[in-house]
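Working notes, beginning with the structure itself.
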Amino acid sequence: MSISEEEEARRLAALLAGQPFQLLTYLSNQLAVIKTQAQQLIGLCGITITVTGFSGAHMIKAGLVPSLLMVLGIALILVAAVMCLRTLTETRWVTQDLDDALEKTARAVIVRRNRLAHRLNIAGRFVALGLGAYLGAVATAAVINAAT
């Protein structure tokens with residue numbers, strides 16, 4: 001069961017009433033988790049692109065199908081990397097959303113957190129599809145090379 005952003009903000013503000021610093025810390029930590037996830041996905045993208053530098057020539061020599069799968073995989077990985085970079089570079093501090101009503105502050109940060117998390121979810125799908133295409137390229141190249 002998912003609750004609305006308004007309800008989540010209301011509950012957090014009520015739970016941490018009289019403890020504004022803890023509320024701000026809690027919200028900041030949630031944004032830090034999003035940034036960490038984006039960094040991890042970028043790392044995975046970087047590894048994939050690096051490996052292509054070593055094995056890409058073998059896939060190209062294997063023929064059209066592995067070459068196309070490799071290019072598709074790398075293109076999808078690059079889309080994911082750009083999405084992750086957008087997440088990392090979209091810096092807005094919790095204090096920029098600070099309002100006298102902490103529930104409004106919490107709601108603004110929760111909306112941003114959800115938007116960034118959604119973007120990372122999509123980026124993760126692009127990474128998975130890109131890795132799948134890349135794996136298809138490696139497998140196809142291996143089969144073709146073994147047959148010759």
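Residue Ile60 is grouped with residue Val51 when hydrophobic side chains (ILVMFWY) are merged at heavy-atom distances under 4.5 angstrom, including chains of intermediate members. No single ILVMFWY cluster, assembled from side-chain heavy atoms under 4.5 Å apart, contains both Leu129 and Met59.
Using a 4.0 Å cut-off between charged nitrogen and carboxylate oxygen, Glu7 and Arg11 count as a salt-bridge pair.
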Distance-only donor-acceptor pairs under 3.5 Å for side chains of residues 16-28, two or more places apart:
unit_1 : atom_1 : unit_2 : atom_2 : d
Thr25  : OG1    : Phe21  : O      : 2.8
Tyr26  : OH     : Gln30  : NE2    : 3.4
Ser28  : OG     : Leu24  : O      : 2.9

Atom pairs and distances, side-chain donor-acceptor, residues 61-77, under 3.5 Å, sequence neighbours left out:
unit_1 : atom_1 : unit_2 : atom_2 : d
Ser67  : OG     : Gly63  : O      : 2.7

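Identified under the salt bridge (Lys or Arg N to Asp or Glu O under 4.0 Å) test for residues 116-127, with sequence neighbours left out: Glu90-Arg119.
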For the pair Leu120 and Met83, evaluate side chain to side chain contact (heavy atoms under 4.5 Å, CB included) and give the outcome as yes or no after the intermediate values. CA-CA 7 Å; Leu120 280 186; Met83 293 178 80; over 6 Å; no

Given the rule in the side chain to side chain contact (heavy atoms under 4.5 Å, CB included) test, do Ile144 and Thr140 qualify, once you have shown the distances and angles that lead to the verdict? CA-CA 6 Å; Ile144 290 170; Thr140 306; 3.8 Å; yes

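Not a single donor-acceptor pair under 3.5 Å links the side chain of Arg107 to the backbone N or O of Val111. Looking only at distances, a side-chain donor or acceptor of Asn145 sits under 3.5 Å from a matching main-chain atom of Ala141. Listed for the Thr105 side chain is a donor-acceptor partner under 3.5 Å among the backbone atoms of Asp99. A donor-acceptor pair is defined here as one N or O able to donate and one able to accept, closer than 3.5 Å; no such pair exists between the side chain of Lys104 and the backbone of Ala9.
Leu12 contributes atom CG, which lies 10.5 Å from atom CG of Leu102 (distance to the nearest 0.5 angstrom). Rounded to the nearest 0.5 Å, atoms NZ (Lys35) and SG (Cys84) are 11.0 Å apart. A distance of 11.0 Å separates CG in Asn114 from CZ in Arg112, rounded to the nearest 0.5 Å. The CG atom of Leu116 sits 9.5 Å away from the CZ atom of Arg86 when rounded to the nearest 0.5 Å.
Leu88 approaches Thr91 most closely through the heavy-atom pair O-OG1, 3.7 Å.
Between Ser55 and Tyr134, the closest side-chain pair of non-hydrogen atoms falls below 4.5 Å.
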